[in-house]
2 protein chains.
Amino acid sequence: MNDSLSRKQREIRQREGEILNHAEKLLHDHGFHGVTMERLAELTACSRGTIYQHFTNKEDLCAAVCLDNSSQLVELFQRAVTFDGESREQIVAIAIAHWLFVSLNPTRFRNFQSIMSSAFREKLPAERETQLFQREETLFKLVTRPVQKAVDDGKLVLHQFHSVAEVVMSLWAHSFGHLYLLTTHIPFQDLGVEAPKGVLFKSSHTFLDGLGWQPLAADFDYRSTFERLQQELFAPEFTALHPPQTAQR
Amino acid sequence: MNDSLSRKQREIRQREGEILNHAEKLLHDHGFHGVTMERLAELTACSRGTIYQHFTNKEDLCAAVCLDNSSQLVELFQRAVTFDGESREQIVAIAIAHWLFVSLNPTRFRNFQSIMSSAFREKLPAERETQLFQREETLFKLVTRPVQKAVDDGKLVLHQFHSVAEVVMSLWAHSFGHLYLLTTHIPFQDLGVEAPKGVLFKSSHTFLDGLGWQPLAADFDYRSTFERLQQELFAPEFTALHPPQTAQR
DNA sequence: ATTTTTTTTGACACCTTGTCAAAATTTATC
DNA sequence: GATAAATTTTGACAAGGTGTCAAAAAAAAT
């Protein structure tokens, strides 16, 4: 009977996964508005009522999808901080991880912003809100590591900034701002920016130089850092981003 | 008869203004979801159908409100670039203008992001889309001025960056990222950032130093720049932000 | 006054969310 | 294995939203 119980239980768990997968697809293909309980129920072969057994409302459902999606970002950040090299190289690795995530999943990135809107979060049950905060914290703490390391190693001396956390916040804001602007459809080319996608990296190094984070851009071959990241740590992602001459089609 | 015609015409124009004002209030108080054609019609004392005479749909209406709101930002930027001083001081003035705008109107700032989402822009008529782009361009060009001036004066030498536009994009991304994060409800205090609001300015100077934009933070009294801006150029806004001991309530 | 043109209206069709009593199914009990 | 109890699933329902359009009302022209 314990088996039977958990059989049904497992069925329910599995269904939750199915709902999430189908919702993810709907969200990706048709946006928040395209996620309809009706359509979702049809795809999952259950009724609308059943979905409400798993998620308190549509917002909760979409937040769950985003949370699920964001684990890929966590994984990328985790990989980034394993980079064997200077602390500043690790920060560059994180920036590239962030950039890769957004480049590979622009809609996921945008969806995440939707759920950050207050209109959205207001409708979220407390539990989901907590999960979201924990995810933010996880990411924040991962970025903290190389910064703390740099301070400990004397590669970074805090002058203006009062704490490591402030530096992390700035780095985050900086990358986020760039990636956000890139995913809006503001035509930067028309505004005179030749290669908008490349600006983030120049900009990051400018900021890191401003911090005095050693070694400075001029004193180190960060181009080869980039290449190593491209060919080693993030090889699969770079390949996915720029598929080699595909034989299909 | 020409008079009569234009009388009615004027009535219609005026109504458009009324609709916009009421919509603005609804949007501010209750968010996008709280803007209901029904409620709006009631406030404006007309029928839902009439509103659709002015705006093709709800998105168009809200975009019009945001566009209207953003003229305050344009005005602040215009004022900022009139600052009599170093080009770098002017950039600081723009950053403060941006910060003031967001601090005074956090919801307006967030609403603007809503209309930047693709789900939203898809529903926008071409004409409104154009207006939005023009607004972005206006702001971009205003930021361009001090940067160009700095390059012309030799206060800023472009090393990494290839063009003035790239620098403007970076500055924009940087400020935007900070202001965005501040308006989400991410509890930065809990993450160890003591004064999240103050980080933007430190961060800006760090970036400007990284650019080598003269005079560097260490060689100039930017604190007094801030005070001048607070007491002169943006006095009314700072007062609105921190009202002196109010006698009311 | 009467006709033509323009503007306004609100009923209509359609869509969506979230609920809940009833039906179906699963689990427990004898 | 039959029956009772507990749990899960269902879909009709109420509520509330958008955008349309033929008809009514108002304004302008004749």
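Just so it is clear, the structure is predicted and the values come from calculations on it, not from any experiment. Just so it is clear, the values below take in all heavy atoms, side chains as well, and ignore hydrogens, waters and symmetry mates. Letters A, B, ... are given to chains in the order of the sequence lines, protein chains preceding strands, and every chain is numbered from 1.
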Within 45° of the axis and under 6.0 Å from the centre of the six-membered ring of Phe112(A), does NZ or CZ of Arg135(A) qualify?
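No, Arg135(A) and Phe112(A) do not form such a contact.
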Integer-rounded Å distance: [N] [atom2] and [X] [atom1]:
{"X": "Met37(B)", "N": "dT9(C)", "atom1": "CE", "atom2": "C1'", "value": "15 Å"}
{"X": "Gln53(A)", "N": "dT17(C)", "atom1": "CD", "atom2": "P", "value": "17 Å"}
{"X": "Phe55(A)", "N": "dG18(C)", "atom1": "CZ", "atom2": "P", "value": "13 Å"}
{"X": "Arg39(B)", "N": "dA15(D)", "atom1": "CZ", "atom2": "P", "value": "17 Å"}
{"X": "Phe32(A)", "N": "dT16(C)", "atom1": "CZ", "atom2": "P", "value": "13 Å"}
{"X": "His33(B)", "N": "dG16(D)", "atom1": "NE2", "atom2": "C1'", "value": "9 Å"}
{"X": "Glu11(A)", "N": "dT8(D)", "atom1": "CD", "atom2": "C1'", "value": "11 Å"}
{"X": "Glu16(B)", "N": "dT8(C)", "atom1": "CD", "atom2": "P", "value": "12 Å"}

Residues Glu24(A), Arg108(A); criterion salt bridge (charged side-chain N to carboxylate O under 4.0 Å, His left out); working and verdict:
CA-CA 9 Å; Glu24(A) 140 102 69; Arg108(A) 288 183 179 180; 3.4 Å; yes
On the side chain of Arg48(B), is there an atom forming a donor-acceptor pair with the base of dG19(D) - under 3.5 Å, no angle test?
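Indeed, a donor on one side and an acceptor on the other fall under 3.5 Å apart.
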Quick one: which of [options] gets closest to the side chain of [X]?
{"X": "Cys46(B)", "options": "dG11(D), dT17(C), dT9(C)", "result": "dT9(C)"}
{"X": "Thr36(B)", "options": "dT18(D), dT9(C), dT17(C)", "result": "dT18(D)"}
{"X": "Tyr52(B)", "options": "dT17(C), dT7(C), dG19(D)", "result": "dG19(D)"}
{"X": "Glu59(B)", "options": "dG18(C), dG19(D), dT8(D)", "result": "dG19(D)"}

Phosphate-side-chain proximity, Thr50(A) and dT10(D), N/O vs OP1/OP2 below 4.0 Å:
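Yes, because at least one side-chain N or O of Thr50(A) sits under 4.0 Å from OP1 or OP2 of dT10(D).
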Has Arg15(B) got a side-chain N or O lying under 4.0 Å from the OP1 or OP2 atom of dT7(C)?
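So the side-chain polar atoms of Arg15(B) never come under 4.0 Å of the phosphate oxygens OP1 or OP2 of dT7(C).
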Quick one: are the ring centres of Phe109(A) and Phe176(A) less than 6.0 Å apart?
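Phe109(A) vs Phe176(A): aromatic centres under 6.0 Å.
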Ring centres of Phe32(A) and Phe120(A) under 6.0 Å apart?
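Yes, close enough.
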State plainly whether the residues Glu11(B) and Arg15(B) are in salt-bridge range, i.e. N to O under 4.0 Å.
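The answer is no: the pair does not qualify as a salt bridge.
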